[in-house]
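A quick write-up on the structure given underneath.
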Amino acid sequence: NFTHNWSFIVDAVPPSPPGDFTVEPARIQLVKRGLVLNIGAPSDSKQAVAPTVIFRDGEYKMWYMASNASRYHINYANSSDGLSWTKHGTVLVYSSVFGDPDYLHAGHPDVIYDGEYKMWYLGYDSTFWRLMYANSTDGINWVKRGVVLDMGQPGSPDDRGVQTVSVIKGGEYKMWYTGFDGLKYSILYANSTDGISWQRDYNVTISPDDSGRRWGDAVVAWPTVAFDGETYHMWYNRLTSIYYQTHYATSADGLKWND
C-alpha cells in the first residue's frame, strides 16, 4: 500500500473589478407622440384628463374625465387611428342630489366590453371617493348601478377612499385600484364573478412600505393593467418629493409584481 500526500500552490492574483461598474434597474423607453385631445369644447373647456380607451367595431373609443367648471363628468370621443379624435360630449354626469356618492364629481372611468359596455368610475360626494358602476349597450347611453366598492374597514389601506381602477376580464373580473388610508396611497387588488360584488385581497399590494421605497416614493397609485395571455403588465405612478414618474411592473399571476 502506498500513501501519497499532494500539495498545490496556485500562483495567481484575481483581477480587480472594473472601476466604472454600476447596476441600474432596466427601463422601457417610451416615445412621446404629443397632444391628441385638447380642451376647448363646451363640456371640457377646463380639463380633459384620465382617459380609458378600447378598440371595437373598427374604431378606437375613448371615455375621459372632463370639466367645464369646478365639477367633473365623463365625456366620449372616437377615432379611426387613435390620434385624431372626434368628441361627442358628456355621456355620464354627476348626480344633482346632495348626499349621493357622485354628487360633486363623476370621473376616472375604466371601460371594457363584455357582452355590453361596462364602466367602473369614481364618485365623489365632497368627502370621499367611492367606486361606482354603470352599463351601456352602445357606450353612449349609460345606466348607473351605484356603489360597488366602498371604503374599507377602519385600519385598512383604503379606509379613506377608493380611487382610480383598472379592470380586466379573464374567467373572472380582476381589478387593481388605488387605496387611500388618510396618509399614503397604495395599489390594491380585488376580484369578482360579476363585476359588481368585489372581494378585496389586501395581501396583494404595491405601496410605499414595499421595497419600492428605493424610488423615494410618497405615493404609489393610478394603475393600468393589461394581460397578453402570458404576462400581466402594469403601468403606474410613483410620486417623489418633486414630481410624478410612470413606472412599469410585470407579474405572472397579477398578484406578485416585479417592478
Side-chain angles (χ1 to χ4, degrees), residues 49-52 54 63-67 70-76 90-169 172-205 207 219-225 236:
V49 297
T52 177
I54 66 173
W63 298 264
Y64 62 99
M65 183 172 171
S67 173
S70 59
R71 300 169 77 178
Y72 288 100
H73 45 261
I74 295 172
N75 282 11
Y76 172 71
T90 302
V91 295
L92 191 142
V93 71
Y94 47 80
S95 173
S96 60
V97 179
F98 179 79
D100 278 358
D102 59 352
Y103 166 70
L104 193 60
H105 299 307
H108 293 285
D110 190 61
V111 177
I112 68 171
Y113 185 84
D114 180 35
E116 62 179 355
Y117 294 92
K118 300 183 177 184
M119 177 193 292
W120 295 266
Y121 70 98
L122 299 184
Y124 186 64
D125 63 0
S126 78
T127 305
F128 299 110
W129 290 96
R130 296 174 172 89
L131 181 64
M132 305 185 71
Y133 174 72
N135 61 336
S136 170
T137 57
D138 58 9
I140 297 175
N141 299 287
W142 293 88
V143 179
K144 294 182 180 180
R145 302 298 183 182
V147 175
V148 294
L149 194 70
D150 210 332
M151 296 173 294
Q153 295 298 312
S156 65
D158 56 358
D159 64 357
R160 300 295 292 176
V162 173
Q163 300 193 19
T164 54
V165 306
S166 180
V167 178
I168 63 175
K169 173 73 181 299
E172 64 178 0
Y173 295 90
K174 301 181 178 184
M175 176 172 63
W176 297 264
Y177 68 98
T178 301
F180 180 55
D181 67 0
L183 179 63
K184 64 179 182 291
Y185 294 84
S186 304
I187 295 175
L188 306 175
Y189 174 77
N191 63 342
S192 171
T193 58
D194 59 8
I196 297 174
S197 298
W198 293 90
Q199 300 296 319
R200 293 173 165 93
D201 185 352
Y202 290 132
N203 292 317
V204 182
T205 179
S207 78
V219 173
V220 179
W222 303 300
T224 295
V225 177
Y236 66 100

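For the single chain, residues carry numbers from 1 onward in sequence order.
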Name all residues meeting the salt bridge (Lys or Arg N to Asp or Glu O under 4.0 Å) criterion together with [X]; count only those two or more places apart in sequence or in a different chain, and write none if there are none.
X      : answer
Lys144 : Asp102
Asp159 : none
Asp100 : none

- Do Thr164 and Thr178 have side-chain atoms, one donor and one acceptor, less than 3.5 Å apart? yes

- Verify whether one side chain among Glu172 and Asn191 offers a donor that lies under 3.5 Å from an acceptor in the other. yes

Among all residues two or more places apart in sequence or in another chain, which pass the side chain to side chain contact (heavy atoms under 4.5 Å, CB included) test with [X]?
X      : result
Asp110 : Thr52, Val165, Val167
Ala190 : Met175, Tyr177, Trp198
Asn141 : Asp138
Arg160 : Phe128, Phe180

- Message: Treating Thr205 as the side-chain partner and Tyr202 as the backbone partner, does any N or O pair qualify as donor plus acceptor under 3.5 Å?
- Response: no

- Message: Between Trp63 (side chain only) and Gly139 (backbone N and O only), is there a donor and an acceptor less than 3.5 Å apart?
- Response: yes

- Message: Run the ring-ring contact (aromatic ring centres under 6.0 Å, His included) test on Tyr124 and Trp129 for me, step by step, so that the C-alpha distance in whole Å, both residues' side-chain angles and the decisive distance to 0.1 Å come before the verdict.
- Response: CA-CA 5 Å; Tyr124 186 64; Trp129 290 96; 4.6 Å; yes

- Item | Working for side-chain contact (heavy atoms from CB on, under 4.5 Å), residues Ile112 and Lys169 | CA-CA 8 Å; Ile112 68 171; Lys169 173 73 181 299; 4.1 Å; yes

- Task: Please report the C-alpha distance between Thr137 and Tyr117 in whole Å, then the side-chain angles of each, then the deciding distance to 0.1 Å, and finally whether the side-chain contact (heavy atoms from CB on, under 4.5 Å) criterion is met.
- Result: CA-CA 6 Å; Thr137 57; Tyr117 294 92; over 6 Å; no

- What do you reckon, are the aromatic ring centroids of Trp176 and Tyr189 less than 6.0 Å apart? yes

So do the side chains of [X] and [Y] get within less than 4.5 Å of each other, counting heavy atoms only?
X      : Y      : value
Lys118 : Tyr113 : no
Trp120 : Leu149 : no
His108 : Tyr121 : no
Leu92  : Met119 : yes
Asp125 : Tyr94  : no
Val220 : Ser186 : no
Asp114 : Tyr173 : yes

Contacts of type side chain to side chain donor-acceptor pair (under 3.5 Å), residue [X], not counting sequence neighbours:
X      : answer
Arg71  : none
Tyr76  : none
Ser197 : none
Ser192 : Asp194

Contact summary for [X] and [Y], nearest pair of heavy atoms:
X      : Y      : value
Val148 : Ile196 : CB-O, 3.3 Å
Ser156 : Asp181 : O-CB, 3.7 Å
Met65  : Pro109 : N-CD, 4.3 Å
Asp158 : Gly179 : CB-CA, 3.8 Å

- Item | Set of ring-ring contact (aromatic ring centres under 6.0 Å, His included) partners for Tyr72, sequence neighbours left out | His105

- Task: Could you check Tyr64 against Ile74 for side-chain contact (heavy atoms from CB on, under 4.5 Å), going step by step and ending with a plain yes or no?
- Result: CA-CA 6 Å; Tyr64 62 99; Ile74 295 172; over 6 Å; no

- Can Phe98 and Tyr103 be said to form a side-chain contact (heavy atoms from CB on, under 4.5 Å), step by step? CA-CA 6 Å; Phe98 179 79; Tyr103 166 70; 3.6 Å; yes

- Message: Nearest 0.5 Å, please: how far is CE in Met132 from CG in Leu122?
- Response: 10.0 Å

- Message: For the CG atom of Asn75 and the OG1 atom of Thr90, what is their distance to the nearest 0.5 Å?
- Response: 4.0 Å

